> 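To start, I am sharing the structure in question, which I have written as C-alpha cells.
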Amino acid sequence: TASLQAHTALQWAYQSGESGPFDLIYPVISKLYGAQGKPAMASLYLDSALEVRDSLAQRYNALQLLRARQKTDLNHHRAELAQIETQKQIKTLQRNALMAVVVILMLLSLYIYNLQRQRHIQKQQLLDLQLKEKEKQLDGARLQLSEFARNVSEKSLMLAELQQQITETDHSTLLSQLQQKTILTDAEWDHFRNLFEQVHVGFIQRLKQKIQGLTPAEVRFMVLAKLQFNTKEMAAVLGVSPQAIRTTWYRLRKKLNLPEEGSIEELVTGI
C-alpha cells in the first residue's frame, strides 16, 4: 500500500512540474526500497533527494539574493526620488526667494522713482518760481529801458530846440542847461549797465572779447547802438556833440578795418 501511494504521489509530482514535491517523495521511496531490501535503489533515490534539496537550496538562495538586490534597487530608487524631491523643493525655495527679491527691488525702484519724481517736481517748481522772478525782473528792466529810450527821444527834441535858440547873449546859460540835460552820467552808468545786461545778457563781455582795447566811451557808444539810438540821441545821452559820436564811430571802423559803407547795425548784430 505504501509503495502504491508513493508511486502515485511520484506521478503527480512529475505532472506538477515543480521540484518541491520531490524533496518529500524521494526520501519516502528511498526508505520504501530499503524496507524491500533494495539498497541500490534506496541509495539512488536518497541521492536524488539530496540533489533536489541542493537544487531547492540554490533556488532559494538565488531567490533571496534576487530579493535582496531588488530591495537594494528599490531603496536606491527611493533615495533618488527623495533627492529629486529635495532638489525640487530647493528650486522652489530659490524661485520664491528670487521672486521675493525681484518684488522687493521693484518696490524699492518704485519708491526711489517716486522720491526722485517728487524731488524733480519740487526742483522744477523752484526753477519755475525763479524763472518767473527773473522774467519779472527782465520785464522791469525792459520797461525801464523803454522808459529811458522815451526820455531820450523827448529830451533829444528839447536839446534840438535849445540849440536853435542859442545866441551870443545867453550862450553860457543855455550851455549850462544843455549839460543838465545829459542823461547817462558817470553816476548813472552802473545802474544803466545793470539794466542793459539783464535784457542783453553777456553783450558787453562779448563786445570786449571781440574788440580789444575799447575805451569806456566806445563801450557806451556800442551799448547805445545796440538799443538802436541815432547819432543825435547818443549825443544827448552822453552829453557830447553829434560830431563826437561820428568821431567815435570813425575810430571803431579803423580798429576793425571796416569799410566806409559799413553800418553800426551790422557791427552790433555780429556781436
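This is a predicted model, so every value here is computed, not measured.
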> Taking Val240 as the starting point, is it possible to reach Phe221 by hopping between hydrophobic residues whose side chains are less than 4.5 Å apart?
yes

> Can you tell me how far apart CD1 (Ile121) and CG (Leu126) are? Round to the nearest 0.5 Å.
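It is 13.5 Å, given to the nearest 0.5 Å.
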
> Give a yes or no on whether Arg246 atom CZ has more than 12 heavy-atom contacts from other residues, nucleotides or ligands under 6.0 Å away.
yes

> Hey, could you give me the CD/OG1 distance between Glu85 and Thr92, rounded to the nearest 0.5 Å?
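Taking CD in Glu85 and OG1 in Thr92, the distance rounds to 8.0 Å.
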
> State plainly whether one hydrophobic cluster holds both Ile204 and Leu214, where clusters connect Ile, Leu, Val, Met, Phe, Trp and Tyr through side-chain heavy atoms under 4.5 angstrom apart.
yes

> Please identify which of these residues, Gln130, Gln124, Lys132, meets the side chain to side chain donor-acceptor pair (under 3.5 Å) condition with Asp128.
Gln124

> What are the two closest non-hydrogen atoms of Gly34 and Ala42, and how far apart are they?
N-CB, 3.7 Å

> Using modelled atom types and a 3.5 Å cut-off, is there a donor and acceptor pairing between side-chain atoms of His77 and backbone atoms of Asp73?
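No; judged by distance alone, with no hydrogens or angles, the pair does not exist.
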
> Please check if the side chain of Ser43 supplies one atom and the backbone of Pro39 the other of a donor-acceptor pair under 3.5 Å.
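Such a contact is absent between Ser43 side chain and Pro39 backbone.
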
> Are Phe229 and Ile245 close enough that some pair of their side-chain heavy atoms sits under 4.5 Å apart?
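In short, these two side chains do not touch, never coming nearer than 4.5 Å.
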
> Considering non-hydrogen atoms only, spot the tightest contact between Glu197 and Gly202 and give its length.
OE1-N, 3.0 Å

> Quick one: are Arg69 and Thr72 in side-chain contact, heavy atoms under 4.5 Å?
no

> To the nearest 0.5 Å, what is the distance between CD (Glu51) and CG (Leu46)?
10.5 Å

> Drop me the distance from Leu195's CG to His200's NE2, to the nearest 0.5 angstrom.
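Rounded to the nearest 0.5 Å, the CG-NE2 separation comes to 11.0 Å.
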
> Measure the acute angle between the ring planes of Phe196 and Phe203, then classify it against the limits of 30° and 60° as parallel, tilted or perpendicular.
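Taking Phe203 first and then Phe196, their aromatic rings stand perpendicular (interplane angle over 60°).
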
> If I compare all heavy atoms of Lys210 with all of Gly270, which pair ends up nearest, and what's the gap?
NZ-O, 3.0 Å

> Are the side chains of Val223 and Arg193 in touch, meaning some heavy atoms are under 4.5 Å apart?
no

> Would you check, one step at a time, whether the test side-chain contact (heavy atoms from CB on, under 4.5 Å) holds for Glu233 with Leu224?
CA-CA 9 Å; Glu233 291 173 340; Leu224 295 177; over 6 Å; no

> Would you say the side-chain atoms of Gln228 pair up with the backbone N or O of Ala225, donor to acceptor, closer than 3.5 Å?
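Checking the backbone N and O of Ala225 against the side chain of Gln228, no donor-acceptor pair under 3.5 Å is found.
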
> Nearest 0.5 angstrom please: Asn96 CG to Met99 CE, how far?
6.5 Å

> What is the distance from atom NZ of Lys255 to atom OH of Tyr250, rounded to the nearest 0.5 Å?
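Going from the NZ atom of Lys255 to the OH atom of Tyr250 covers 13.5 Å.
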
> In the single-linkage hydrophobic clustering (I, L, V, M, F, W, Y; side-chain heavy atoms under 4.5 Å), do Leu227 and Val268 co-cluster?
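Per the 4.5 Å side-chain linkage, Leu227 and Val268 are co-clustered.
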
> Hey, does Asp47 have a side-chain heavy atom less than 4.5 Å from the side chain of Tyr26?
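Contact flag for Tyr26/Asp47 side chains = no.
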
> Keeping Glu218 on the side-chain end and Thr215 on the backbone end, is there a donor-acceptor pair under 3.5 Å?
yes

> Just wondering, do Lys31 and Val28 contact through their side chains at under 4.5 Å, heavy atoms?
no

> I'd like to know whether Lys71 forms a side-chain contact (heavy atoms from CB on, under 4.5 Å) with Leu74, so could you lay out the CA-CA distance, the side-chain angles of the two residues, the decisive distance to 0.1 Å, and finally the verdict.
CA-CA 5 Å; Lys71 186 176 181 181; Leu74 180 61; 5.5 Å; no

> Check the side chains of Glu80 and His76 for a donor-acceptor pair under 3.5 angstrom, ignoring hydrogens and angles.
yes

> Are Tyr45 and Leu32 joined in one hydrophobic group, where the rule is that I, L, V, M, F, W and Y side chains link up if heavy atoms are under 4.5 Å apart?
no

> Does some side-chain heavy atom of Leu267 sit less than 4.5 Å from a side-chain heavy atom of Met222?
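Contact flag for Met222/Leu267 side chains = yes.
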
> With the side chain counted from C-beta on, respond yes when Gln64 and Arg67 share a heavy-atom pair under 4.5 Å apart, and no when they do not.
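The answer is yes; the side chains approach within 4.5 Å.
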
> Check whether any side-chain heavy atom of Tyr14 sits under 4.5 Å from a side-chain heavy atom of Ile25, and report yes or no.
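A side-chain contact is absent here, since even the closest heavy-atom pair is not under 4.5 Å.
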
> Please answer: with hydrophobic residues joined when any side-chain heavy atoms are less than 4.5 Å apart, are Val201 and Ile271 in the same cluster?
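No.
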
